[in-house]
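Comments concern the structure below.
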Amino acid sequence: MSIAVVDARGWQNTLDLKTGEKIETTGPVIDMVKGVLQRHPYPGDMDPGSNRWVSDTALDLIDRYGPRFVFLAYAAQYFSGRYTPMTKEARARMISDVFREAERFVSASGFAVIVVGTGDMTPLLGFINLTRLNGLAVCTHWSTRYAGLYEPSQDDMKVLGEHPHVERIIPREEVVGLFNGTPDQASRVPEYLILAREGYAFKTISDAMRMPVMIPSLNFDIPLHAPSHAVGAITGIRQALEKDLLEKNVALIAVEGVGLDEFLWPHLPCRNGMEWYYYEPGEAQYLTIVSGRHRFLDYPTGSGYKYFNGNEGTTRSYPFSGHFKSLPEGTFGSTFPGKSIAVGNKSMFMHMVAGADLSIECFARNLYNQGTMAVIHRQDKL
Amino acid sequence: MYTVSEGIIRERFPHRWSSCGSYVLESMPFYHVYPGSQCLAIGTTSCNFRCRYCSNAYIAKEDPEIQQGRLYHLTPRELVGMARKFNCRSIVFNVNEPAVSLPSLLDVAEEAKAAAIPMGCLTNGYTTVESTELLASIFSFFNVSLKGISDSFNRTYIGVESSSPVLRTIRRLAQDRHVEVTTPVVQGANDSEIDTIADLLAEIDPEIPWHVLRLLPEDEMKDAEYPNIQAIDAALQSARKKLPYIYFHNFISSQWVNTLCPDCGCTVIERFSLGCGGDQLKRLFCKDSQCPDCGRKINLMSEQACFKSTQRVLQ
């Protein structure tokens, strides 16, 4: 059983991750994790200390658990950059701070690192309004490139086809065909996927109310710092990781909202998708990195498009795991025989995408800081 | 928000919506209305309160003029059409105070009534008698935020003189509308009023569901301590004897979000709490709004009751 320990600031609760039910259980790993959560309250997504929280929490876990593989995500600059107007100088300082934080972690932990930037950000130029179509357009507010379209009328297709900020409209068959999707996966893909041009985001129903100032760029390539490796595509990172782990302890670090233009360490460009598709920051990108194969169709909402099912049931598994309804297979941590941990301040998906023995992540929804959550997939390695 | 032009009060930005999305009713929160159903949640801008801990300050406190670029422009017909497209069983005004957008909401209500879609809202209840009647003509279910009782609390934290208008509104609405009440607990400021509020609600109607929220410090109180969950739970012990439907949430994995039968204590509705507007139905055991064990009537807003009340007012 995978166990979740929730820390809501001064109050902890232990749950069965799958059912969400409270459970009474103890053990050396659970006690250790509870202590780490207690010592490291999350300062908030846009707090200047947010990335430091990632390093400090990871270092604390490393001291107590002794992992060989660490997966970290630094995301404060992604949230701040997205919602806070700032000068070029201020942004450069913020990016520089992230890399300094990574350096601090490396120096304190002694781990070798592979660092991947999840992609550049670009100023928001405007919205493509999809709220007045005859059909139904859906989009997660974190996605800017992709929106799903259901039952469009001829007028809808004409309007969208002539829209100056819509790049392409791709039918389901082409989307599924690109990734050799199964019929089950195909059933979750919208009838059409609409692609926005750079700088534009879709306005659909259920958007977040906060107005972004920057959104992800068209990141067909992302930067990868992987000393002594030549990795051409995002699906090759896992292999580099496996090779390094044969010889040393390794930390895989995802730096959110930083792409080829701003990545400060030596790097090579790495293909971040296939043909017309690239991964926006999110679950599917992380899953692809750690599993070594494309996961675009596995987790619709985290892939940049949203699956609409108006009849979705109310009872579900993994209620504390964001959009996930099952444990993803093929994650790196789940197959790695050594000890592994993951720590991140992006969202509540590190524990699912990393598959690490122990994960700690912030529990913040739409920037509201509610505390932290640890997930224990394995207790038998301590 | 309103402006006066040639002696007439007019809405400044009619049919401009800060939010429009499909969510489960539990997340609003409404725990006793159509459990597990989707609603179309809408909001506008501005507020008639100035709470120091506002969770939506960038909507409620920011000048609506400068928000126009990001708002939805949707007619009442388009809103109702959207509710249908998303299989929403109701339309709920949340985010900010509905009393600041009454003309637009009256228009939406007319369209929603024609489509047989009931409307609900979150309100601070700080309204005149006349405005309360207008709200009652629009909405058939309410969650009224009773933020605190004492004048000093209301002056210091909310920016108003007294809670009396709010209590008057709750009394009025509870007569013929479904009412739930919410109180965010600010430790050291209004936690001492928990018993008083429970007494007041019990006197109005002991069947009123009461959502006691652990304050999530935001806005001017961003650096405040998070209230202590054990202390608030302990403070609720005596209140639980007065009101059978008390919920304590707004934090991850709260274990105080289930509905128990007031008579036999059996769990009749189970929920998950993801905190901060993320609550969900887990399991519904009631059948025909009755406890499956002892048959006791549970205060759940039913389809029939809703349409009856809406028709009475809007006809």
Side-chain angles (χ1 to χ4, degrees), chain A residues 4-15 19-22 41 44 47 83 124 126-127 129 131-138 141 150-151 203-212 308-316 319-322 348 363-373, chain B residues 17-24 26 35-38 40-41 43 45 55-56 58-59 67 69-75 78 81-82 85-88 95 214 216-218 222 225-231 233 250-255 270-278 280-284:
Chain A
V5 181
V6 159
D7 187 304
R9 291 283 184 108
W11 183 81
Q12 295 188 337
N13 202 3
T14 308
L15 313 160
T19 63
E21 299 280 358
K22 181 181 171 64
D47 188 279
Y83 292 110
L124 174 75
F127 287 110
N129 187 354
T131 61
R132 299 191 120 150
L133 299 177
N134 299 314
L136 180 66
V138 289
H141 61 259
Y150 292 85
E151 298 178 11
K203 189 159 191 67
T204 60
I205 294 306
S206 301
D207 272 0
M209 293 179 287
R210 292 179 208 269
M211 179 84 160
F308 173 69
N309 177 359
N311 298 315
E312 270 187 335
T314 49
T315 305
R316 49 165 294 188
F320 296 94
S321 302
M348 299 86 76
F363 205 104
R365 298 174 54 247
N366 287 329
L367 307 185
Y368 293 109
N369 179 11
Q370 302 188 73
T372 51
M373 180 170 77
Chain B
W17 311 96
S18 62
S19 62
C20 176
S22 167
Y23 305 95
V24 291
E26 281 77 4
S37 70
Q38 292 281 322
L40 189 78
T45 56
S55 296
N56 296 319
Y58 58 98
I59 296 290
Q67 296 184 54
R70 69 175 180 226
L71 302 185
Y72 292 97
H73 297 193
L74 293 166
T75 64
E78 285 171 327
M82 208 60 87
K85 279 185 194 175
F86 279 86
N87 295 335
C88 294
V95 181
R214 181 206 202 191
L216 190 68
E218 285 286 331
K222 200 171 185 313
E225 285 288 309
Y226 283 54
N228 184 293
I229 289 171
Q230 290 97 325
D233 177 48
N250 203 36
F251 51 95
I252 334 163
S253 80
S254 164
Q255 60 205 60
E270 282 183 353
R271 303 177 185 88
F272 292 117
S273 179
L274 305 188
C276 189
Q280 297 172 13
L281 177 70
K282 187 176 176 190
R283 276 189 289 255
L284 176 67

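- Contacts of A/N129 with chain B are absent, with no heavy-atom separation under 4.5 Å from either backbone or side chain.
- For a residue to count as touching a neighbouring chain, one of its non-hydrogen atoms must lie under 4.5 Å from one of that chain's; by this rule B/L71 touches chain A with the backbone only.
- With a 4.5 angstrom heavy-atom cutoff, B/Y58 touches chain A only via side-chain atoms.
- Proximity to chain B (any heavy atom under 4.5 Å) is restricted, for A/R365, to the side chain, taken from C-beta onward.
- Side-chain atoms of A/R132 come within 3.5 Å of backbone N or O of B/H73 as a donor-acceptor pair.
- With a 4.5 Å cut-off on non-hydrogen atoms, B/S273 touches chain A through its backbone but not through its side chain.
- When heavy atoms are compared at a cutoff of 4.5 Å, B/L274 approaches chain A by way of both its backbone and its side chain.
- When side chains are defined from C-beta on, A/E21 counts as touching B/K282, because their heavy atoms get closer than 4.5 Å.
- A heavy-atom distance below 4.5 Å is found between the side chains of A/N369 and B/Y226.
- In this structure, chain B has no heavy atom under 4.5 Å from any part of A/D47.
- Contacts between B/I229 and chain A at a heavy-atom distance below 4.5 Å involve the side chain alone, from C-beta outward.
- Only the side chain of B/E218 has a heavy atom closer than 4.5 Å to any heavy atom of chain A.
- Considering only heavy-atom pairs separated by less than 4.5 Å from chain A, the leading option among B/A41, B/G43, B/S55 is B/S55.
- Judged by distance alone, the side chain of B/Q255 and the main-chain N or O of A/K22 form no donor-acceptor pair under 3.5 Å.
- Each of A/D7, A/T14, A/N13, A/V5 was scored for a side chain to side chain contact (heavy atoms under 4.5 Å, CB included) with B/S253, with one residue passing: A/N13.
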